[in-house]
Protein chains: 2
Amino acid sequence: MIPRETFNNLESEKKQKILETAIDEFAFHGFRQASLNRMVQRIGIAKGSIFQYFGNKEGLFQFIFNHAVELVRGSLRQVKKETAGSDFFERIRGSILAGVRFIEKHPRVYRIYLKMIFQEDFPLRAQFLQQVHLFSAEYLRPMVEQGVARKELRPDLDVDMAVFFLDALMDRFLQASCVSFLDAGVGLYQAPPHEIDRRVDEFIKLIRFGMAAEPGR
Amino acid sequence: MIPRETFNNLESEKKQKILETAIDEFAFHGFRQASLNRMVQRIGIAKGSIFQYFGNKEGLFQFIFNHAVELVRGSLRQVKKETAGSDFFERIRGSILAGVRFIEKHPRVYRIYLKMIFQEDFPLRAQFLQQVHLFSAEYLRPMVEQGVARKELRPDLDVDMAVFFLDALMDRFLQASCVSFLDAGVGLYQAPPHEIDRRVDEFIKLIRFGMAAEPGR
DNA sequence: TCCTATAATGACCACCTGGTCATTTTCAAG
DNA sequence: CTTGAAAATGACCAGGTGGTCATTATAGGA
């Protein structure tokens with residue numbers, strides 16, 4: 001259905017250019033504010049072609065969206081495999097660093113993600129939020145459950161809340177590396193890799209032991 | 001300068017209606033996508049009047065923005081006073097609950113905040129991010145420092161990172177009460193007050209003691 | 001070389017936007 | 001009741017949007 005066969009028959013260089021220009025446009029302007037006129041001018045094709053390939057603006061975005069979901073899925077599958085043998089906190093560490101790497105590689109895809117969270121006028125938003133939820137449900141939750149089973153995590157842990165807790169922290173850590181002032185002065189914004197690495201360790205320490213002076217019961 | 005004297009001379013009922021309609025419009029559509037035509041129709045005034053009162057669309061938003069900043073400042077000042085005597089974690093608890101109350105009272109103002117974080121086309125965005133930063137720098141930081149001084153918090157705490165940590169968690173807690181699926185299934189989304197209360201306690205426990213089975217050194 | 005199905009094109013359309021400004025309305029002072 | 005300054009009005013403008021479709025270009029088979 002989307003994209004139409006006509007698009008798949010294109011030479012892959014042209015396909016790539018369309019894909020990347022569209023990602024860029026949506027990443028910087030959101031959905032409604034993204035301009036097809038601007039896009040076709042940058043790509044160097046006629047406006048009609050976009051409608052031939054994708055039906056309409058929403059179809060184009062759907063294509064971009066599916067592509068992005070695949071990218072994320074792939075990255076997630078890989079880090080899951082890479083950290084399979086490690087203990088709980090090492091896996092969290094690996095996941096955060098994988099996130100940072102992903103953003104370095106696909107900054108514009110991540111920007112679309114950020115925009116979609118709080119901008120209601122995106123198509124597929126319900127599906128998107130569902131996907132976001134799946135991350136915590138299918139990725140984080142089993143990790144936490146395993147951590148408890150292996151006695152790496154406190155036995156009285158509220159698993160639901162712990163998943164939410166982790167989700168919040170990991171997400172914000174990544175956001176802070178992209179949006180200035182969201183790092184609250186920790187120096188995460190556009191920080192070089194080795195700086196991120198150091199910060200992650202300190203961050204994990206807090207997740208691990210909390211802030212209180214006396215250990216809890 | 002903004003708004004012009006003409007606006008201040010209006011009967012306060014009309015002023016209120018303009019203010020609230022504008023907040024609503026910006027909260028649901030962001031800046032560029034917000035429509036002055038729609039607004040004036042809802043308010044029941046001529047389009048020209050908006051330009052008479054505020055100069056242009058940006059001026060109108062500036063007025064809304066200043067109003068919102070004052071609301072937040074007031075709320076922050078109050079909770080600071082209310083929790084002044086309590087220990088660190090009680091103050092955090094109070095701050096989160098104050099946030100929840102604020103959002104209940106001014107849901108649309110909070111929506112504008114959420115939109116401004118990742119939508120670049122808002123006017124005053126630099127100033128906004130600066131304000132957000134001030135929250136962590138002037139509100140959270142002294143609290144953490146006091147906590148360490150009083151030995152409520154571990155002495156080896158990385159204060160910068162702890163502030164970032166808290167900021168991330170508190171912000172997400174509030175976001176989750178507004179955006180479905182961001183609560184990762186903890187039941188925060190549009191939850192009744194008593195439910196929120198219970199969740200906050202569990203949440204604070206995690207901030208306090210962390211997730212690890214064994215207490216850290 | 002011709003024919004034909006398919007793909008590419010861009011002028012054009014209706015619609016909506018923020019903003020302008022000549023005109024009309026309002027209303028208090030004289 | 002008259003006057004005049006200030007305020008309100010909404011038709012109008014240029015510019016941008018997503019989308020359409022008659023026309024043109026392309027290319028592979030006969």
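In what follows, every heavy atom counts, from backbone to side chain, and hydrogens, waters and symmetry copies are set aside. So you know, we letter chains A, B, ... as the sequences are listed, proteins then strands, and number each from 1.
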Check the side chains of B/Gln131 and B/Gln127 for a donor-acceptor pair under 3.5 angstrom, ignoring hydrogens and angles.
no

Between [atom1] of [X] and [atom2] of [Y], what distance do you get to the nearest 0.5 Å?
X: A/Leu76; Y: A/Phe102; atom1: CG; atom2: CZ; answer: 9.5 Å
X: B/Lys57; Y: B/Leu60; atom1: NZ; atom2: CG; answer: 9.0 Å
X: B/Ile92; Y: B/Ile207; atom1: CD1; atom2: CD1; answer: 6.5 Å
X: A/Arg91; Y: A/Ile96; atom1: CZ; atom2: CD1; answer: 13.5 Å

Protein within reach of the bases, or only the backbone? For nucleotides 7-19 of chain D, mark each nucleotide 5' to 3' as B, S or -, using heavy atoms under 4.0 Å.
SBBB------SBB

What is the distance from CD of A/Gln41 to P of C/dT9, rounded to the nearest Å?
14 Å

